[in-house]
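Structure first, then comments.
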Amino acid sequence: MESIGVLLMAPFNSYLDQELDKRFKLFRYWTQPNPKEFVAQHAEVIRAAVGNATVGVDGVLIDALRKLEIISSFSVGVDKIDLKKCGEKGIRVTNTPDVLTDDVADLAIGLALAVLRQISVCDRYVRNGLWKNGDFKLTTKFSGKRVGIIGLGRIGQAIAQRAEAFDCPINYYSRSPKANTNYEYYPSVIELASNSDILVVACALTPETRHIVNRQVMEALGPKGVLINIGRGGHVDEPELVSALVEGRLGGAGLDVFENEPHVSEQLFGLDNVVLLPHVGSGTEETRKQMADLVLGNLEAHFSGKPLLTRVV
């Protein structure tokens with residue numbers, strides 16, 4: 001397969017880069033000073049592309065890559081890939097589900113604990129030598145809080161299972177009630193937020209779920225409520241979120257994703273009731289290797305005429 005051209009969109013993972021280079025003819029998109037000219041020169045040999053949840057493959061690039069057969073995403077989310085155009089052109093799309101479920105669910109619980117117990121603020125309190133001046137202020141308990149989850153898929157269910165260990169009642173919203181669950185279903189996100197202390201965003205980003213957490217949802221969650229977003233930045237109306245936090249209409253937030261990554265509103269930087277992470281939900285050595293192996297496995301399956309491991313389109 002060494003003659004098959006694969007376009008890697010960005011330096012996602014060193015192991016993935018090395019293995020792609022060993023097995024295929026690898027082209028590194030981000031290193032090109034003139035990407036448009038580069039693509040035109042190599043369009044006849046590039047038959048696969050690898051993107052992720054941040055750097056995908058849009059319709060313009062798909063049209064330019066005339067021989068493109070498959071896009072393998074180094075992520076669960078495929079919202080940065082033009083799926084409609086892929087379907088029209090018969091281009092296959094794969095992603096990396098399941099292997100990152102545990103890491104993302106772990107991080108969601110970690111964010112909730114960090115916000116409610118003010119772990120980051122406590123850390124700074126000690127580092128800045130303030131402890132000798134007196135004890136840290138009291139914080140808020142996590143155990144027993146009502147946890148509302150938007151999207152009860154693989155990751156949502158894993159978050160629910162972890163939260164149950166803290167004796168948290170679980171509520172959820174999805175397009176329809178889920179079978180085989182005792183969790184409380186709410187038919188709207190506003191109703192879910194009204195009946196939750198902690199609201200976790202864990203659904204896929206689609207046109208329908210963009211800004212699914214808007215001003216009305218934040219108002220329903222209220223000044224003691226906490227928003228946790230480990231989904232996509234586009235799920236939350238970010239200017240409204242900033243306003244709600246600054247004005248005290250929302251109690252706190254734990255955010256791993258943002259609308260315009262890596263750019264984050266500087267208004268959030270000075271807020272002690274907010275924990276900010278640089279989109280590291282799946283960012284462990286173990287999981288990133290598993291994700292890379294899935295990308296490689298899907299590419300090799302496609303070019304060997306075998307069934308894809310994790311097909312999306």
Side-chain angles (χ1 to χ4, degrees), residues 1 3-13 16-17 19-20 23-30 32 35-101 151 153-155 175 203-210 212 231-235 257 259 261 279 282 290-313:
M1 295 185 183
S3 63
I4 296 172
V6 175
L7 182 64
L8 181 61
M9 298 303 298
F12 305 132
N13 177 269
L16 176 62
D17 188 294
E19 290 300 314
L20 287 171
R23 307 181 197 193
F24 302 95
K25 183 177 178 61
L26 181 61
F27 297 93
R28 297 175 176 87
Y29 186 79
W30 73 96
Q32 305 306 317
K36 187 175 180 180
E37 184 178 304
F38 169 79
V39 168
Q41 290 174 352
H42 299 283
E44 292 298 317
V45 296
I46 294 174
R47 297 169 59 190
V50 177
N52 77 349
T54 303
V55 185
V57 184
D58 62 19
V60 174
L61 184 54
I62 290 170
D63 284 334
L65 295 171
R66 299 183 293 276
K67 301 294 184 179
L68 188 64
E69 300 173 25
I70 182 171
I71 300 171
S72 191
S73 188
F74 184 66
S75 63
V76 172
V78 290
D79 47 282
K80 295 294 185 180
I81 299 171
D82 191 330
L83 298 180
K84 182 179 179 183
K85 188 170 286 284
C86 287
E88 292 169 352
K89 288 177 168 282
I91 296 168
R92 304 171 108 185
V93 178
T94 65
N95 64 347
T96 59
D98 296 324
V99 295
L100 50 67
T101 297
R154 298 181 185 92
I155 293 172
R175 286 175 293 183
C203 57
L205 181 61
T206 66
E208 292 74 29
T209 62
R210 182 170 294 278
I212 194 169
R232 291 288 178 267
H235 284 128
V257 290
E259 279 207 270
E261 296 175 4
H279 201 155
S282 63
Q290 288 181 294
M291 291 168 63
D293 285 336
L294 261 183
V295 168
L296 296 163
N298 276 307
L299 292 175
E300 292 189 332
H302 172 74
F303 290 115
S304 299
K306 297 177 182 178
L308 298 177
L309 303 178
T310 53
R311 183 172 182 172
V312 177
V313 174

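- Taken to the nearest 0.5 Å, the CG atom of Leu294 stands 11.0 Å off from the CG atom of Leu308.
- Between the Thr206 side chain and the Thr209 main chain, a donor and an acceptor come within less than 3.5 Å of each other.
- Closest heavy-atom contact between Cys203 and Gly151: CB-CA, 4.0 Å.
- Within the 4.5 Å cutoff, side-chain heavy atoms of Ser304 are placed close to those of Met1.
- Separation of atoms CD1 (Ile4) and CG (Leu26) is listed at 13.0 Å; rounding is to 0.5 Å.
- Side-chain contact check for Glu69 versus Lys89: every heavy-atom pair is 4.5 Å or farther apart.
- In this structure a side-chain-to-backbone donor-acceptor pair under 3.5 Å is present from Thr96 to Ser75.
- By the 30° and 60° cut-offs, the orientation of the rings of Phe27 relative to His42 is tilted.
- With rounding to the nearest 0.5 Å, the separation of CG in Asn95 from CG in Leu100 is 8.5 Å.
- Closest approach of Tyr29 and Pro35 over heavy atoms only: OH-CB, 3.5 Å.
- Each of Val39, Ile71, Leu68 was evaluated against Leu61; a single residue qualifies, Val39, per the side-chain contact (heavy atoms from CB on, under 4.5 Å) test.
- Side chain of His302 to backbone of Leu299: no donor-acceptor contact under 3.5 angstrom is found.
- A heavy-atom distance below 4.5 Å is found between the side chains of Cys86 and Ile62.
- Residues Arg47 and Phe24 form no side-chain contact, since every pair of their non-hydrogen atoms from C-beta on lies 4.5 Å or further apart.
- Interatomic distance, Ser72 OG to Arg92 CZ, rounded to the nearest 0.5 Å: 11.5 Å.
- Taken to the nearest 0.5 Å, the CG atom of Asn52 stands 9.0 Å off from the CD1 atom of Ile81.
- Across Ala53 and Ser73, no two heavy atoms sit closer than the pair N-OG, 4.5 Å.
- The heavy-atom pair separating Glu259 from Gly233 by the smallest distance is CG-O, 3.2 Å.
- Looking at every heavy atom in both residues, Arg23 comes nearest to Glu19 through NH2-OE1, 2.9 Å.
- Inter-residue side-chain proximity for Leu296 and Leu16 is flagged as met; some heavy-atom pair is nearer than 4.5 Å.
- The distance from the CG atom of Leu309 to the CG atom of Asp98 is 11.5 Å, given to the nearest 0.5 Å.
- Taking the side chain as every heavy atom from C-beta outward, Phe12 and Thr54 never approach each other to under 4.5 Å.
- Residues Asp63 and Lys85 meet the side-chain proximity criterion, which asks for heavy atoms closer than 4.5 Å.
- Here the shortest heavy-atom pairing between Gly51 and Met9 reads CA-CG, 4.0 Å.
- Side chains of Thr94 and Thr310: no donor on one and acceptor on the other come within 3.5 Å.
- In this structure, Leu205 and Arg210 have side chains that are in contact, with non-hydrogen atoms separated by less than 4.5 Å.
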